[in-house]
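The next block holds one structure in the form of structure tokens; read it before the comments.
The chains referred to below are lettered A, B, ... by the order of the sequence lines, with proteins before strands, and numbering in each begins at 1.
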Number of protein chains: 2
Amino acid sequence: MLKEKNLRMTKQRKVILAELKKLKTHPSADEIYGIVREHIPRISLGTVYRNLEVLVELGEIQKLDLSGSLKRFDWNPNKHYHVRCVHCDRVDDAPIAPLNQLENELYEATVFEIIGHNLEFIGLCPDCSRKNHHP
Amino acid sequence: MLKEKNLRMTKQRKVILAELKKLKTHPSADEIYGIVREHIPRISLGTVYRNLEVLVELGEIQKLDLSGSLKRFDWNPNKHYHVRCVHCDRVDDAPIAPLNQLENELYEATVFEIIGHNLEFIGLCPDCSRKNHHP
DNA sequence: CTACATGCAAATGCTTTGCAACCTA
DNA sequence: TAGGTTGCAAAGCATTTGCATGTAG
């Protein structure tokens, strides 16, 4: 797998992947940087970015196509949906099944050749919801 | 409307809104800048950004919550879905009705208080599709 | 040993902001 | 005329990249 692409399993790459797999959240590159730095203090943010791209190419993780200004990464490479907190920007999985028939609806109606879709829910996470009700 | 918010209808604001309403596409701030500059050559990009925000607040247009690195604006302030071309990044409307019952599916399954959702289709626009088949 | 990877820092691209001059109501 | 608005330039922030050095295989 690595060999085919002439890639090496460096310490940095190993730790980034391992830490990402431990999380159930969907961190940004900077958040991953913060976590990995506890194990490899001299790692650079550039290395984190580069390795996240490599891991995406290898199919180990996925880069999320979500709204919002930060790119987020997901240890789960399978297609699924997400919920974002409007207030704190936390992103969780949305536990509903993929809507496979959705793209058929568009089939006749658009001039585009449809490849896929992203569905993202917007809401308030429990923490922010609580703060909202009792400010 | 403007008076309540202590806002003024300046030439810049008027032209930005007028040009946006003429388009059926969903331009980025920079694209709007390019168009408006034909009418007001000395307008600055900062002014375009500031006015787009104001027009969003007034409910005249909407800022789209899409994936991708550029913010895009829509002359149509009503909720609807979009299709993005993977190749050239062109964004069109997706002519399918809002899925109002979608959020109910999540209701019991998530700890989030759901507020709304974004649905974005990914595909190839006719131009890029043609180039793809006959490279 | 020989590429691929890394750390560092500089560069990039989009967006936001501070400020003095300007204009709308 | 008051205060919102503009143009300009500088700052901000996330992400990318060039390059000499380091290291996995």
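Going from atom CG of A:L45 over to atom P of D:dA14 covers 9 Å, rounded to whole Å. Atom CG in A:L7 sits roughly 15 Å away from atom C1' in D:dT23 (whole-Å rounding). Going from atom NZ of A:K63 over to atom P of D:dA14 covers 16 Å, rounded to whole Å. Look at CG on B:N51: it is 11 Å from C1' on D:dG4, rounded to the nearest Å. The nearest whole Å value for the distance from the CD atom in B:E4 to the C1' atom in D:dG4 is 17 Å. One atom, CG of B:L2, and another, C1' of D:dT5, lie 13 Å apart when rounded to the nearest Å. For the pair B:E31 CD and C:dG13 P, the computed distance is 16 Å after rounding to whole Å. In this structure, CD of A:E53 is placed 13 Å from C1' of D:dT17, rounded to the nearest angstrom.
For A:R13 and B:Y49, each mapped to the nucleotide of DNA chain C holding its nearest heavy atom, the one lying further toward the 5' end belongs to A:R13.
An OP1 or OP2 oxygen of D:dG7 is reached within less than 4.0 angstrom by a side-chain nitrogen or oxygen of B:Q12. Taking 4.0 angstrom as the limit, A:T10 places none of its side-chain polar atoms (N or O) nearer than this to OP1 or OP2 of D:dT23. A sub-4.0 Å separation between OP1 or OP2 of D:dT5 and a side-chain N or O of B:K5 is absent. Note on A:S69: every side-chain N or O is 4.0 Å or more away from OP1 and OP2 of C:dT15.
Distances from the side chain of B:N6 to the nucleotides D:dT6, D:dG4, C:dT15 place D:dG4 closest.
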Can you name the atoms? Protein N/O to nucleotides 8-13 of chain D N/O, anything below 3.5 Å, with the distance.
| unit_1 | atom_1 | unit_2 | atom_2 | d |
| --- | --- | --- | --- | --- |
| D:dC8 | OP1 | B:R42 | NH2 | 2.6 |

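In the model, B:H26 has a side-chain atom that pairs as donor or acceptor with a side-chain atom of B:D93 under 3.5 Å. Checked by atom type, the side-chain pair A:N118/A:H82 shows no donor-acceptor distance below 3.5 Å.
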A:D74/A:K24 under salt bridge (Lys or Arg N to Asp or Glu O under 4.0 Å): CA gap, chis, key distance, verdict: CA-CA 9 Å; A:D74 195 327; A:K24 30 255 129 298; over 6 Å; no

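At a threshold of 4.0 angstrom between heavy atoms, the contacts of B:K11 with the nucleic acid are absent. Contacts of A:K3 with the nucleic acid, taken as non-hydrogen atoms under 4.0 Å apart, are absent. Contact annotation for B:D30: no contact, since no heavy-atom pair falls under 4.0 Å across all strands.
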Show me, pair by pair, the donor-acceptor contacts under 3.5 angstrom made by side chains of residues 43-50 of chain B, not counting sequence neighbours?
| unit_1 | atom_1 | unit_2 | atom_2 | d |
| --- | --- | --- | --- | --- |
| B:S44 | OG | B:T47 | N | 3.2 |
| B:S44 | OG | B:T47 | OG1 | 3.1 |

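B:L119 places none of its side-chain heavy atoms less than 4.5 Å from the side chain of B:L102. B:I16 is not listed as a side-chain neighbour of B:I35, based on a closest heavy-atom distance of 4.5 Å or more.
Evaluation of atom-type donor-acceptor distances gives a pair under 3.5 Å for the side chain of A:R8 against the base of C:dA3.
For the pair B:R90 (side chain) and B:R84 (backbone), a donor-acceptor distance under 3.5 Å is absent.
Among all heavy-atom pairs drawn from A:P95 and B:A109, the shortest one is CG-O, 3.3 Å.
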